[in-house]
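Have a look at the structure below, then the notes.
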Amino acid sequence: MRLIERDVPPRARWALEQGGLHPLLAQLYAARGVIQPSELDDALTHLLPPAALRGTGEAARLLADAMAADKSICIVADYDCDGATACAVAVRGLRLLGARKVSYLVPDRVVDGYGLTASIAERVRATGADVLVTVDNGIASVDGVRQAQALGLQVLVTDHHLPGAELPGADVIVNPSHPECTFPSKALAGVGVMFYVLLALRAELRTRGAFANGEQPRLDPLLPLVALGTVADVVRLDANNRRMVAQGLRRIRAGSMPAGMRALFQVAGRPWQTASTFDFGFALGPRINAAGRLSDMTLGIECLLTDDALRAMELAQRLEAINRERRDIEDGMRAQAFTLAESLHDALHEPPAALSVFDDSFHEGVVGIVASRLKDRLHRPTFVFAASAAPGMEHLLKGSGRSIAGFHLRDALDLVAKRHPEVLQKFGGHAMAAGCTIAREHLDVFKQALATVAEEWLDAATLQRTLETDGALPAQFRRTDVAASLQQAVWGQGFAAPVFSEELDVVQQRLVGERHLKLQLRHQGETVDGIWFGRSEPLPARAHLAYRLDINSWQGRESVQFVVEGMAD
């Protein structure tokens, strides 16, 4: 692994310190491109205006007209955490603003597949709905939108995924990735897009005199859900997203959140009083995602919609049980996937530029997680395939891919589709994550085609694992209060959590839990505890380590701990 120390512009660091920031935070923020203290002001008044997001005005008028006519509105969600939170935000928000007839429908991963299909449109119409609103999907649903409109439904697409060559003919599309959208933040998650539509709808209702008594409904209670979905979907935390996440965290720490979120914190064993982005990404998010992977995302959505604490706890416990099952399945799949990947090369040779693995035992709901693990281990764009479990579709393989910096996965799939038109039945996604469906007999062609694109696009430097760090941690900041301050800040994709790096003496080391290294390190003359999760090989007596500053709590006592993330080659 190559460790690269981030550059810290001195003018920016000085300006941030002069603005009253802690010196270490000033250094960290300056290294991440923050220039002025005002950029860190997370007040809601600094959010980008809803009118700047293409289509929000038209969406607001469509929804306001539907509400005025007492029409029935059905939300079509996606089966991941972003889709679940977006659905909960849509249902809660529309009801807050006065809509009386709001329902939702979430596709089944196995039976329905992704997005608004023609069959989903027919099911929505069968519920008696008049208006169909997609959240976190729809931009690629050309046929589904066409069928919905043929059935007499008005269609509002809210999405954030990259569009294909043909846009759906929806009544309104709200998507920051729309080719004609100039919204400054292209990184909105699906839940963020829906939140912006609700802001625009409230403004439209206000102009129509809907809030005659002068008091309009507050939408900020939705921000904990917006924050959760934004972080869990691993979108880039630009300034606008960071503001929404910060506002959501602030409300959670004050105890203001949906009952289901509080219950999820409890079953995960995480204190909501010190909630962090880590909790969203590694505690709440996976438990909600587990429902969509192995069961029915309706469980996750209902958990986020209920205001009954007992019902919320019951649903959270069911999600916890499903997540434990998901972990068991993942462990077996991961081991098999590692074996398959390692068979593609030997110890003397590098892995292929891109990896694609498949086994008949794989579960299609877990392929994305396993692809991520394999990508992390071998630092290669990776696809993991499983046979479709849908009746009569066993000849199809469902693939989920994860990528590395410098390789746009969806664009790579687009090139594969152009070169081999018969291979990809459908595909979509982002730069770093994508999915596709292929026939079983085309797997070998796909493997070679993806590897060929990777060989063309990636050079040796890109294929070498690198980790950006913040340099050495000054000894005076090796304190639990500093660690707590760092944990309370907003970090995530594109605004990475601090990782320090320097030469450290390894005083003691032992294996715990069979696969983690428990360490005692000497840092600038003082000993400090450390741990390297997932590492079983012993370290040399002195090593250049990259680590996070963390707090170890044991029997009521707190102490500083270094969580090791990597070691320089």
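- Using a 4.0 Å cut-off between charged nitrogen and carboxylate oxygen, D130 and K101 do not count as a salt-bridge pair.
- Around the CZ atom of R515, the shell of radius 6.0 Å holds no more than 12 heavy atoms that belong to other residues, nucleotides or ligands.
- Side-chain contact between L132 and L116 is present, with heavy atoms from C-beta onward closer than 4.5 Å.
- From T382, atom OG1 reaches atom CG of L374 across 4.5 Å, with rounding to the nearest 0.5 Å.
- Using a 4.5 Å heavy-atom threshold, the side chains of M313 and V267 count as touching.
- A salt bridge between D360 and R440 is present, with a side-chain N of the basic residue lying under 4.0 Å from a carboxylate O of the acidic one.
- At least one donor-acceptor pair closer than 3.5 Å links the side chain of T56 to the backbone N or O of P50.
- With contacts defined as side-chain heavy-atom distances shorter than 4.5 Å, the pair S141/V76 does not qualify.
- Across I301, V91, V106, a single residue satisfies side-chain contact (heavy atoms from CB on, under 4.5 Å) together with I75, and that is V91.
- Under 4.0 Å is where a charged nitrogen must lie from a carboxylate oxygen, and between R54 and E180 at least one such pair does.
- Contact check on R92 versus D307 returns a salt bridge, with a Lys/Arg side-chain nitrogen under 4.0 Å from an Asp/Glu carboxylate oxygen.
- Salt-bridge check for D414 with K418: passed, with a basic side-chain N closer than 4.0 Å to an acidic carboxylate O.
- Between the side chains of Q448 and T452, at least one donor-acceptor pair of N or O atoms lies under 3.5 Å.
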Report all side-chain donor-acceptor pairs from residues 183-200 shorter than 3.5 Å, counting only partners two or more places apart or in another chain.
from	atom 1	to	atom 2	distance (Å)
S185	OG	D238	OD2	2.6
K186	NZ	P176	O	2.7
K186	NZ	C181	O	2.4
Y196	OH	L48	N	3.4
Y196	OH	L48	O	2.6
Y196	OH	N240	ND2	3.0

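- In this structure, H379 NE2 and L355 CG are separated by 11.5 Å, a value rounded to the nearest 0.5 Å.
- Using a cutoff of 4.0 Å between basic side-chain nitrogens and carboxylate oxygens, E314 and R311 are scored as salt-bridged.
- Note that the OG1 atom of T85 and the CG atom of D136 stand 7.5 Å from one another [nearest 0.5 Å].
- For Q336, the side-chain contact (heavy atoms from CB on, under 4.5 Å) partners at least two apart in sequence or on another chain are L340, D359, F362.
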Discussion item. Using side chain to side chain contact (heavy atoms under 4.5 Å, CB included), reason through W457 and D411 one step at a time and then give a plain yes or no.
Written reply: CA-CA 11 Å; W457 289 5; D411 286 355; 4.0 Å; yes
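- At a threshold of 4.5 Å between non-hydrogen side-chain atoms, the residues N137 and H161 do not count as touching.
- Side-chain atoms of T306 do not come within 3.5 Å of backbone N or O of C303 as any donor-acceptor pair.
- A distance-only check finds a donor-acceptor pair linking the side chain of H363 to the backbone of G365 [under 3.5 Å].
- Between T127 and S72 the shortest side-chain heavy-atom distance does not fall below 4.5 Å.
- Atoms CG and CH2, from L237 and W491 in turn, are 11.0 Å apart once rounded to the nearest 0.5 Å.
- Remark: L304 CG to C87 SG distance equals 9.0 Å, nearest 0.5 Å.
- Between the side chain of D80 and the backbone N or O of G292 there is no donor-acceptor pair closer than 3.5 Å.
- The two atoms that bring V131 and A66 nearest to each other are CG2-CB, 3.9 Å, heavy atoms only.
- A 4.5 Å side-chain heavy-atom check between Q425 and L396 finds at least one atom pair inside the cut-off.
- Pairs of residues two or more places apart, or lying in two chains, that qualify as salt bridge (Lys or Arg N to Asp or Glu O under 4.0 Å) and include a residue from residues 278-289 are R270-D279, R287-E320.
- H516 places no side-chain N or O within 3.5 Å of a backbone atom of W532 that could act as its donor or acceptor partner.
- Among all heavy-atom pairs drawn from V490 and F495, the shortest one is O-CD2, 3.5 Å.
- H395 places no side-chain N or O within donor-acceptor distance of the main-chain N or O of S388, the cut-off being under 3.5 Å.
- There is a side-chain donor-acceptor pair under 3.5 Å between D171 and Q149.
- Between C74 and A129 the shortest heavy-atom distance is CB-CB, 3.8 Å.
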Practice prompt. Could you walk me through whether E565 and M1 pass the side chain to side chain contact (heavy atoms under 4.5 Å, CB included) test, one step at a time?
Written response: CA-CA 11 Å; E565 299 284 341; M1 175 179 285; over 6 Å; no
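- Using a 4.0 Å cut-off between a side-chain N of Lys or Arg and a carboxylate O of Asp or Glu, D376 and R373 do not qualify as a salt bridge.
- For R109, the CZ atom counts as densely surrounded, since its 6.0 Å shell holds more than 12 non-hydrogen atoms of other residues, nucleotides or ligands.
- A donor-acceptor contact shorter than 3.5 Å is absent between the side chain of T466 and the backbone of R2.
- Classified by interplanar angle (parallel below 30°, tilted 30° to 60°, perpendicular above 60°), the ring pair F446/F385 is perpendicular.
- With a 4.5 Å cut-off on side-chain heavy atoms, L167 and I139 count as touching.
- Rounding to the nearest 0.5 Å places CD of E350 at 13.5 Å from CG of L344.
- Here the closest non-hydrogen pair linking L450 and S356 is CD2-OG, 3.9 Å.
- By the neighbour-count criterion of 12 heavy atoms within 6.0 Å, atom CZ of F282 is sparsely surrounded, having that number or fewer from other residues, nucleotides or ligands.
- Closest approach of C436 and L413 over heavy atoms only: CB-CD1, 4.4 Å.
- Using a distance-only test at 3.5 Å, with no hydrogens or angles considered, no donor-acceptor pair links the side chain of H420 to the main chain of V423.
- Judged purely by distance below 3.5 Å, without hydrogens or angles, the side chains of T298 and D296 pair a donor atom with an acceptor atom.
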Worksheet entry | Full working for side chain to side chain contact (heavy atoms under 4.5 Å, CB included) between V135 and V89 | CA-CA 10 Å; V135 291; V89 162; over 6 Å; no
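- The closest donor-acceptor contact from the side chain of R380 to the backbone of P352 lies under 3.5 Å.
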Discussion item. Before you tell me yes or no, could you show the steps for V499 and E468 under side chain to side chain contact (heavy atoms under 4.5 Å, CB included), namely the whole-Å CA-CA distance, both residues' side-chain angles and the distance that decides it to 0.1 Å?
Written reply: CA-CA 8 Å; V499 174; E468 284 191 305; over 6 Å; no
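- Nearest heavy-atom pair, G115 versus P107, reported as atom, atom and distance to 0.1 Å: O-CG, 3.9 Å.
- Between the side chain of S400 and the backbone N or O of G435, no donor-acceptor pair lies under 3.5 Å.
- Side chains of V445 and I438 form no contact here, defined as non-hydrogen atoms less than 4.5 Å apart.
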